[in-house]
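Counting from 1, the numbers follow the sequence of the chain as shown.
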Amino acid sequence: MSFDECVSFTVEKERYTPYIYFKGVFFGEHEPSDISRVEFYCDFACIHSGIASKVYTTIEGGKKTISVESYGFTALLGQNQSEPGIISNATLAKIMTRNEDFFGISYQLYTKAVNYIYIENNSTLWDAVATYAYKAYNNYPYITQTNYIRCEKLGIATLYYNEFDIVKAGRGVNLTNLVSNAYTADTEGGYSFAKTNDYAMQRNLKKYKYMDHRNDFLYDLNEQSNYYIKLRDRGREYTYFTYCGFRNEEICDQAVLNCGGISLNAAEISRVIIKGSDKCVYTTVYCYNDSF
């Protein structure tokens, strides 16, 4: 069943969020309990495919509408625990095939092998993927296309934006999650492994975190503290702009723009919000400047 008359929609994808989010309202009617998945197309490109999380129909003023809220299938990776234990010569494929197949999810093949990944008790499949990506590529994994997992930054496109198309632009910071000092326990119970976040200290933000050591970082417990601080730094500085239209931006593509004193030179695209109706589509692009 397809619906072509759109009242409004929003699609959002973000560098550190392991799924794409969609919500929309369309003219039409369908039995909500019959819907097994949701796909959304914009300019003939499928930009979302996911779970029919919330679907309901409404009749108001004689008009029938169907409202949909959906999370990409990769959201399931954060809702399923992975089998604990060691994966030797770990690759992304080994981690993914350790568990049951998930409908609609694909991932980067032929990634480099690391000596091991240790899956902690009660950790999710996405936790395992994130740990692997950091160990293999010093990177945090991300979602491209609709439900495709990447650990390594490949196939990056560069998008050039005309300043005359820009509706608004700006800069900002989000320092809410910063941690100034992270301490990791050694194997004897002391906290001899530590990392200081100079960025937070320079802004008079003192927040301390003490952590038990994780088996997947036993190769270098300093890296556990470092990894934690990098995660808490995510999105700490950002530049954003909004334009009328849609260019199918992917996470980690690069943006080039000079507009009103804002200059982006191959800046990494970290968040994309697409909002539209039957009248117009607006896209807002965020470029982060953080530890990753």
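- K135 forms a cation-pi arrangement with Y219, by the criterion of a distance under 6.0 Å to the ring centre and an angle within 45° of the ring axis.
- Residues E69 and Y21 bring a donor and an acceptor atom of their side chains to less than 3.5 Å of each other.
- For L264 against C287, the heavy-atom pair with the smallest separation is CD1-SG, 4.0 Å.
- For the residue pair G235 and D290, the shortest heavy atom distance occurs at N-OD2, 2.8 Å.
- For the residue pair P32 and Y56, the shortest heavy atom distance occurs at CG-CA, 4.4 Å.
- For E14, there are no salt bridge (Lys or Arg N to Asp or Glu O under 4.0 Å) partners, not counting sequence neighbours.
- Relative ring orientation between Y71 and Y19 is described as perpendicular, the plane-to-plane angle rising above 60° on a 0-90° scale split at 30° and 60°.
- Taking the side chain as every heavy atom from C-beta outward, I35 and V68 never approach each other to under 4.5 Å.
- Using bins of under 30°, 30° to 60° and over 60° for the plane-to-plane angle, the ring pair Y132/Y137 lands in the perpendicular bin.
- P18 approaches T74 most closely through the heavy-atom pair O-OG1, 2.7 Å.
- Open room surrounds CG on N265; 12 or fewer heavy atoms of other groups in view lie less than 6.0 Å from it.
- Two rings, from F102 and F73, have their centers 6.0 Å or more apart.
- Taking a 6.0 Å sphere around NZ of K23, one finds it holds 12 or fewer heavy atoms contributed by other residues, nucleotides or ligands.
- Between Y286 and Y240, the distance separating the two ring centers is shorter than 6.0 angstrom.
- In this structure, F246 has no ring pair (Phe, Tyr, Trp, His ring centres under 6.0 Å) partners at least two apart in sequence or on a different chain.
- No donor-acceptor contact under 3.5 angstrom links the side chains of S225 and N222, judged on distance only.
- A heavy-atom distance below 4.5 Å is not found between the side chains of S82 and D127.
- Counted by atom type alone, Y134 and N226 present one or more donor-acceptor pairs between their side chains at under 3.5 Å.
- For the pair K94 and A90, the tightest heavy-atom approach, listed with the atom from each and the gap, is CD-CA, 4.3 Å.
- The environment of D212 atom CG is sparse: at most 12 non-hydrogen atoms of other residues, nucleotides or ligands sit within 6.0 angstrom.
- In this structure, K275 fails the cation-pi test against Y282, since its NZ or CZ atom is not both closer than 6.0 Å to the six-membered ring centre and inside 45 degrees of the ring normal.
- Interatomic distance, NE2 of H213 versus OH of Y191, reported as 10.5 Å (0.5 Å rounding).
- The ring pair (Phe, Tyr, Trp, His ring centres under 6.0 Å) check on Y107 picks up nothing, with sequence neighbours excluded.
- Between R171 and E237 there is no salt bridge, since no side-chain N of the basic residue sits under 4.0 Å from a carboxylate O of the acidic one.
- Ring-plane geometry between Y227 and F292 is classed as perpendicular, the angle between the planes exceeding 60 degrees on a 0 to 90 degree scale with a lower cut at 30.
- For the atom pair CZ of F40 and OG of S49, the computed distance is 13.0 Å after rounding to the nearest 0.5 Å.
- Inter-residue side-chain proximity for I20 and V11 is flagged as met; some heavy-atom pair is nearer than 4.5 Å.
- Donor-acceptor pairing under 3.5 Å is recorded for the side chains of T158 and Q254.
- Partners of T131 by side-chain contact (heavy atoms from CB on, under 4.5 Å), not counting sequence neighbours, listed by chain and number: I117, R214, D216.
- The shortest heavy-atom contact between C151 and V129 is SG-CG1, 4.3 Å.
- Chaining together hydrophobic side chains whose heavy atoms lie under 4.5 Å apart places L205 alongside V173, L175, L178, Y199.
- Under the salt bridge (Lys or Arg N to Asp or Glu O under 4.0 Å) criterion, D233 pairs with R236, sequence neighbours left out.
- A salt bridge links E250 with K13: the closest approach of a Lys/Arg side-chain nitrogen to an acidic carboxylate oxygen falls below 4.0 angstrom.
- Crowding of Q79 atom CD: a count of heavy atoms from other residues, nucleotides or ligands under 6.0 Å exceeding 12.
- A donor-acceptor distance shorter than 3.5 angstrom exists from the side chain of Q108 to the backbone of E152, with no hydrogens or angles considered.
- No more than 12 heavy-atom neighbours from other residues, nucleotides or ligands sit within 6.0 angstrom of CZ on R37.
- Heavy-atom neighbours of D101 CG from other residues, nucleotides or ligands within 6.0 Å: at or below the threshold of 12.
- Of the possible polar contacts, one joining the T97 side chain to the A93 backbone as a donor-acceptor pair under 3.5 Å is found.
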